[in-house]
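All remarks here apply to the structure that follows.
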Protein chains: 2
Amino acid sequence: MYSGSIKMNSSRRKLNDAGKRFTPQRALVMDIIRQGRGHLDADEIFRRARERESRLSLSTVYRTLHMLKELDMVDELHFGENHHHYEAKPAREHHHLVCLGCGRVIEFSYPLSRYLKKAVPEMKGFDINEVEISVAGYCDRCRRARRR
Amino acid sequence: MYSGSIKMNSSRRKLNDAGKRFTPQRALVMDIIRQGRGHLDADEIFRRARERESRLSLSTVYRTLHMLKELDMVDELHFGENHHHYEAKPAREHHHLVCLGCGRVIEFSYPLSRYLKKAVPEMKGFDINEVEISVAGYCDRCRRARRR
DNA sequence: ATGCAATTGCAAATCATTTGCAATAATAAT
DNA sequence: ATTATTATTGCAAATGATTTGCAATTGCAT
């Protein structure tokens with residue numbers, strides 16, 4: 001099935017260290033998430049994976065996504081829909097602008113968790129695990145189009 | 001069914017102005033969301049409503065939630081689960097800390113959208129409709145309990 | 001090479017939400 | 001007040017997203 005990539009070996013190591021097996025299915029899903037440059041949902045990952053390996057099952061995709069999330073190798077994003085999106089763990093903290101017009105996702109880097117820890121008193125004593133912010137609105141293009 | 005409340009008349013007005021009817025079912029759902037002090041999900045709203053009006057249907061709850069969201073009378077919150085939570089439109093912008101240990105939700109007021117508009121260059125030209133931030137982690141109590 | 005436990009595919013189950021439709025009821029017009 | 005109009009309701013069935021049980025398969029440590 002899928003084999004080569006720069007990250008493969010380090011992925012294999014991470015899985016094995018966690019007592020997991022490095023299977024072709026998992027390598028494939030990881031690769032697609034990486035290539036996807038963020039923001040694919042489970043079904044889209046499944047469809048793309050299937051093009052390469054037609055016997056792959058949707059359950060395996062879901063199971064893999066869970067595991068990768070657990071091992072902190074992907075982030076699960078919530079855009080206010082009733083399904084989630086996934087992206088490879090990014091190097092720097094960043095967040096997303098979702099355009100309600102065209103669905104486009106714009107990334108912006110911002111160390112929000114660091115900022116909030118300082119700015120919000122309620123954060124004292126709260127052990128932050130993850131900060132997720134999503135901003136919905138209309139991007140430049142769509143904004144122009146809307147006000148006729 | 002349900003009848004009196006300080007806000008009833010203003011709700012009725014808002015609905016009627018939007019060409020909607022003010023039905024007992026809708027009044028009931030609105031009341032429960034308000035009493036719920038935020039953070040109820042659709043099913044919990046349904047269960048509580050059913051205690052007062054056993055013939056109410058779940059579809060009506062969903063339909064009402066949609067409508068209230070549309071009319072900007074409730075906010076829909078996304079805590080990274082595969083269902084949503086609802087709260088009556090709050091007076092001041094605030095956000096949520098969700099404890100992964102006990103599920104407790106801690107609110108904090110913070111004018112984040114105003115701040116972000118200034119701090120993030122990518123926001124230029126983006127017409128912000130809604131900002132939602134959720135912070136997951138462990139609250140004071142659970143944090144103590146976890147490190148044994 | 002071998003054995004055992006982890007993982008897979010498949011189908012069926014479950015959970016969250018939506019929809020079609022005939023019956024009912026809120027509002028506007030009389 | 002009565003009536004006509006049309007939105008809304010309850011119910012059951014449909015859909016969409018995710019999870020689970022299980023027998024067959026396959027990684028990986030030995």
Side-chain angles (χ1 to χ4, degrees), chain A residues 1-3 8-9 11-30 39-47 49-50 52-71 73-74 76-86, chain B residues 1-3 8-9 11-30 32 39-50 52-71 73-74 76-86:
Chain A
M1 200 187 267
Y2 172 76
S3 60
M8 193 191 85
N9 295 315
S11 296
R12 175 189 289 274
R13 172 88 133 272
K14 279 184 192 159
L15 296 207
N16 288 354
D17 286 357
K20 307 287 181 188
R21 292 177 180 173
F22 185 79
T23 67
Q25 292 88 327
R26 285 172 178 175
L28 176 56
V29 168
M30 284 185 256
H39 326 129
L40 304 183
D41 61 29
D43 202 61
E44 180 62 23
I45 291 167
F46 175 60
R47 269 183 280 116
R50 255 206 164 184
R52 297 208 229 156
E53 178 46 63
S54 63
R55 245 171 66 76
L56 182 80
S57 88
L58 184 54
S59 332
T60 297
V61 171
Y62 276 110
R63 285 190 278 229
T64 300
L65 289 173
H66 271 142
M67 190 203 64
L68 293 173
K69 202 173 76 162
E70 204 63 39
L71 298 184
M73 295 169 68
V74 306
E76 188 180 64
L77 307 175
H78 311 102
F79 294 156
E81 299 168 290
N82 44 11
H83 61 265
H84 313 310
H85 293 247
Y86 300 85
Chain B
M1 199 189 269
Y2 171 78
S3 61
M8 193 191 84
N9 294 316
S11 296
R12 174 188 291 271
R13 171 89 133 272
K14 279 183 193 160
L15 297 208
N16 288 354
D17 285 358
K20 305 288 179 188
R21 292 176 183 176
F22 186 80
T23 68
Q25 291 90 326
R26 286 171 177 177
L28 176 56
V29 168
M30 284 185 254
I32 284 172
H39 327 129
L40 305 182
D41 61 29
D43 202 61
E44 180 62 24
I45 292 167
F46 175 59
R47 271 183 280 116
R48 294 190 187 192
R50 250 200 171 191
R52 297 207 229 155
E53 177 47 61
S54 63
R55 247 171 65 76
L56 182 80
S57 89
L58 184 55
S59 331
T60 297
V61 171
Y62 276 110
R63 284 189 277 229
T64 300
L65 290 172
H66 269 141
M67 190 202 65
L68 293 173
K69 202 172 76 162
E70 204 63 39
L71 297 184
M73 294 169 69
V74 307
E76 188 180 62
L77 307 176
H78 310 102
F79 293 156
E81 299 169 291
N82 44 12
H83 61 267
H84 313 311
H85 292 248
Y86 299 85

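Every chain is numbered from 1 and lettered A, B, ... according to where its sequence line falls, protein lines coming before strand lines. We use all heavy atoms of the structure for the numbers below, so side chains are in, but hydrogens, waters and symmetry mates are not.
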How many whole angstroms separate atom [atom1] of [X] from atom [atom2] of [N]?
X: B:L28; N: D:dG10; atom1: CG; atom2: C1'; answer: 15 Å
X: B:L58; N: D:dA12; atom1: CG; atom2: P; answer: 13 Å
X: A:L15; N: D:dT26; atom1: CG; atom2: C1'; answer: 15 Å
X: B:E76; N: C:dA16; atom1: CD; atom2: P; answer: 14 Å
X: B:E81; N: D:dT19; atom1: CD; atom2: P; answer: 12 Å
X: B:R47; N: C:dA16; atom1: CZ; atom2: C1'; answer: 13 Å
X: B:L40; N: C:dA16; atom1: CG; atom2: P; answer: 15 Å
X: A:R21; N: D:dA29; atom1: CZ; atom2: P; answer: 9 Å

Excluding sequence neighbours, so at least two apart, what forms side-chain contact (heavy atoms from CB on, under 4.5 Å) with [X]?
X: A:E44; result: A:L40, A:D41, A:R47, A:R48
X: A:R50; result: A:F46
X: B:N82; result: A:H84

Pick the closest DNA chain C nucleotide for B:T23 and for B:H84 by heavy atoms, then say which residue is nearer the 5' end.
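Closest to the 5' end, via its nearest nucleotide, is B:H84.
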Residue [X], side-chain heavy atoms: nucleotide from [options] that is nearest:
X: A:S57; options: C:dT7, C:dC10, D:dC11; value: C:dC10
X: A:R55; options: D:dA7, C:dA5, C:dG9; value: C:dG9
X: A:R26; options: C:dA26, D:dT9, C:dT7; value: C:dT7

According to a strict under-4.0 Å criterion, is [X] in side-chain N/O contact with OP1 or OP2 of [N]?
X: A:R12; N: D:dC28; result: yes
X: B:Q25; N: D:dG10; result: yes
X: B:N82; N: C:dC15; result: no

For residues A:L71 and A:K14, determine if any side-chain heavy atom of one lies less than 4.5 Å from a side-chain heavy atom of the other.
no
Evaluate the side-chain proximity of A:H83 to A:D43: yes if any heavy-atom separation is below 4.5 Å, no if none is.
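No, side chains not in contact.
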Based on the rotation axes of five pairs at each end, what angle does the helix from C:dA1-D:dT30 to C:dT30-D:dA1 bend through, to 10°?
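Between the first-five-pair axis and the last-five-pair axis there is 40°.
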State which residues pass salt bridge (charged side-chain N to carboxylate O under 4.0 Å, His left out) with A:R26; sequence neighbours excluded, sorted by chain then number.
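By the salt bridge (charged side-chain N to carboxylate O under 4.0 Å, His left out) rule, A:R26 matches no residue at all.
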Taking all non-hydrogen atoms of both residues, which atom of B:L56 and which atom of B:A49 are closest, and how far apart?
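Nearest heavy atoms, B:L56 then B:A49: CD2-CB, 3.4 Å.
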By nearest heavy atom, map B:S54 and B:G19 onto DNA chain D; which one lands nearer the 5' end?
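Upstream on the strand: B:G19.
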Distance-only donor-acceptor hits, side chain of residues 58-69 of chain A, under 3.5 Å, sequence neighbours excluded:
{"residue": "A:T60", "atom": "OG1", "partner": "A:S57", "partner atom": "OG", "Å": "3.3"}
{"residue": "A:T64", "atom": "OG1", "partner": "A:T60", "partner atom": "O", "Å": "2.8"}
{"residue": "A:K69", "atom": "NZ", "partner": "A:E76", "partner atom": "OE1", "Å": "3.1"}

Short of 4.0 Å, heavy atom to strand atom, which residues of residues 59-68 of chain A count as contacting DNA chain D?
A:S59, A:Y62, A:R63, A:H66
Provide the full list of salt bridge (charged side-chain N to carboxylate O under 4.0 Å, His left out) pairs with a residue in residues 15-25 of chain A, sequence neighbours left out, each pair given once.
none
What nucleic acid atoms does B:D41 come within less than 4.0 Å of, heavy atoms only: base, sugar-phosphate, or nothing?
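No contact at all - B:D41 keeps every heavy atom at 4.0 Å or more from the nucleic acid.
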Would you indicate what B:D43 reaches in the nucleic acid, counting non-hydrogen atoms under 4.0 angstrom: base, sugar-phosphate, or nothing?
nothing
Residues passing the ring-ring contact (aromatic ring centres under 6.0 Å, His included) test with B:H39, sequence neighbours excluded, are B:H96
